[in-house]
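Below: one structure, written as structure tokens.
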Amino acid sequence: MVEALNLLTVLAAPRLYERWCTQAPAEELRAVLQSRMEALSDYCAKAWGSPDADLFRTAAPRVKQLAESLAAAPSGNLVESAWNIKARECLDVLGIPTPPGGWEVFEGLSTQSR
């Protein structure tokens, strides 16, 4: 689940997503993207028993919409502008705030300790 949420964050941030798209062949990355978003969609729809269950169930329709959009894209396609927007909407409903400066400039969390 953590991997799917991390990938959702990467998908929301164009700079991170652009780098992610260079890590392996397009078909391999597409399979990972689809499977993780489908798993997140299923999890959100069935969430229960945790303090965040209501939050996940509330996000379920948006996550499902993103997963369906990914599945419907032409083979080999890794970039569709609506995916960034849909990922951001999912994160917003899940209570994950927009990073300082916005998703357009976000390049990941700092690994430096302060």
Side-chain angles (χ1 to χ4, degrees):
M1 189 51 45
V2 172
E3 290 175 347
L5 288 171
N6 285 341
L7 187 52
L8 189 60
T9 301
V10 168
L11 188 55
R15 292 178 185 198
L16 286 177
Y17 190 62
E18 184 178 320
R19 278 184 279 184
W20 184 82
C21 287
T22 65
Q23 295 180 7
E27 281 305 312
E28 187 177 317
L29 291 172
R30 182 179 157 89
V32 168
L33 185 60
Q34 281 183 262
S35 67
R36 290 196 180 147
M37 289 305 109
E38 286 173 14
L40 182 59
S41 178
D42 289 345
Y43 178 83
C44 287
K46 299 173 186 174
W48 64 276
S50 77
D52 296 325
D54 289 339
L55 199 59
F56 280 105
R57 283 194 308 274
T58 300
R62 290 185 190 266
V63 176
K64 182 178 181 178
Q65 184 182 47
L66 174 58
E68 289 173 347
S69 179
L70 293 166
S75 180
N77 184 23
L78 283 174
V79 180
E80 188 172 304
S81 61
W83 294 346
N84 296 117
I85 294 164
K86 289 176 183 177
R88 293 172 191 174
E89 290 171 352
C90 293
L91 292 167
D92 185 51
V93 174
L94 288 167
I96 298 170
T98 301
W103 290 110
E104 295 298 324
V105 297
F106 182 67
E107 293 194 29
L109 299 173
S110 174
T111 56
Q112 300 175 10
S113 55
R114 296 178 187 203

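All values derive from a computational prediction rather than experimental measurement. For this chain, numbers begin at 1 and follow the sequence in order.
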Salt bridge (charged side-chain N to carboxylate O under 4.0 Å, His left out) with Glu3: which residues, sequence neighbours excluded?
Arg36
Listed once per pair and sorted, the salt bridge (charged side-chain N to carboxylate O under 4.0 Å, His left out) pairs that draw on residues 6-21, sequence neighbours left out
Arg15-Glu107, Arg19-Glu107
Indicate every side-chain donor-acceptor pair of residues 92-105 with a distance under 3.5 Å to a residue at least two apart or in another chain.
from: Glu104; atom 1: OE2; to: Arg88; atom 2: NH1; distance (Å): 3.1
from: Glu104; atom 1: OE2; to: Arg88; atom 2: NH2; distance (Å): 2.7

Please enumerate all residues that pass side-chain hydrogen bond (donor to acceptor under 3.5 Å, both in side chains) together with Trp20, with sequence neighbours excluded.
none
Per the salt bridge (charged side-chain N to carboxylate O under 4.0 Å, His left out) rule, what does the pair list look like for residues 37-47, sequence neighbours excluded?
none
For residues 56-68, please give each side-chain donor-acceptor pair under 3.5 Å, one per line with the distance, not counting sequence neighbours.
from: Arg57; atom 1: NH1; to: Ala47; atom 2: O; distance (Å): 2.5
from: Arg57; atom 1: NH2; to: Asp54; atom 2: OD1; distance (Å): 2.2
from: Thr58; atom 1: OG1; to: Asp54; atom 2: O; distance (Å): 2.8
from: Arg62; atom 1: NH1; to: Glu89; atom 2: OE1; distance (Å): 3.3

Just to verify, what does Ala26 make a side chain to side chain contact (heavy atoms under 4.5 Å, CB included) with, not counting sequence neighbours?
Leu78
Contacts of Gln34 meeting side-chain hydrogen bond (donor to acceptor under 3.5 Å, both in side chains) (sequence neighbours excluded), chain-then-number -> Arg30
With sequence neighbours excluded, tell me which residues meet side chain to side chain contact (heavy atoms under 4.5 Å, CB included) with Ser50.
Asp52, Ala53
Side chain to side chain contact (heavy atoms under 4.5 Å, CB included) with Ala82: which residues, sequence neighbours excluded?
Glu80, Lys86
With sequence neighbours left out, what residues match Glu27 under side-chain hydrogen bond (donor to acceptor under 3.5 Å, both in side chains)?
Ser75
If you look only at pairs with a residue in residues 68-98, which of them pass as a ring-ring contact (aromatic ring centres under 6.0 Å, His included), with sequence neighbours excluded?
none
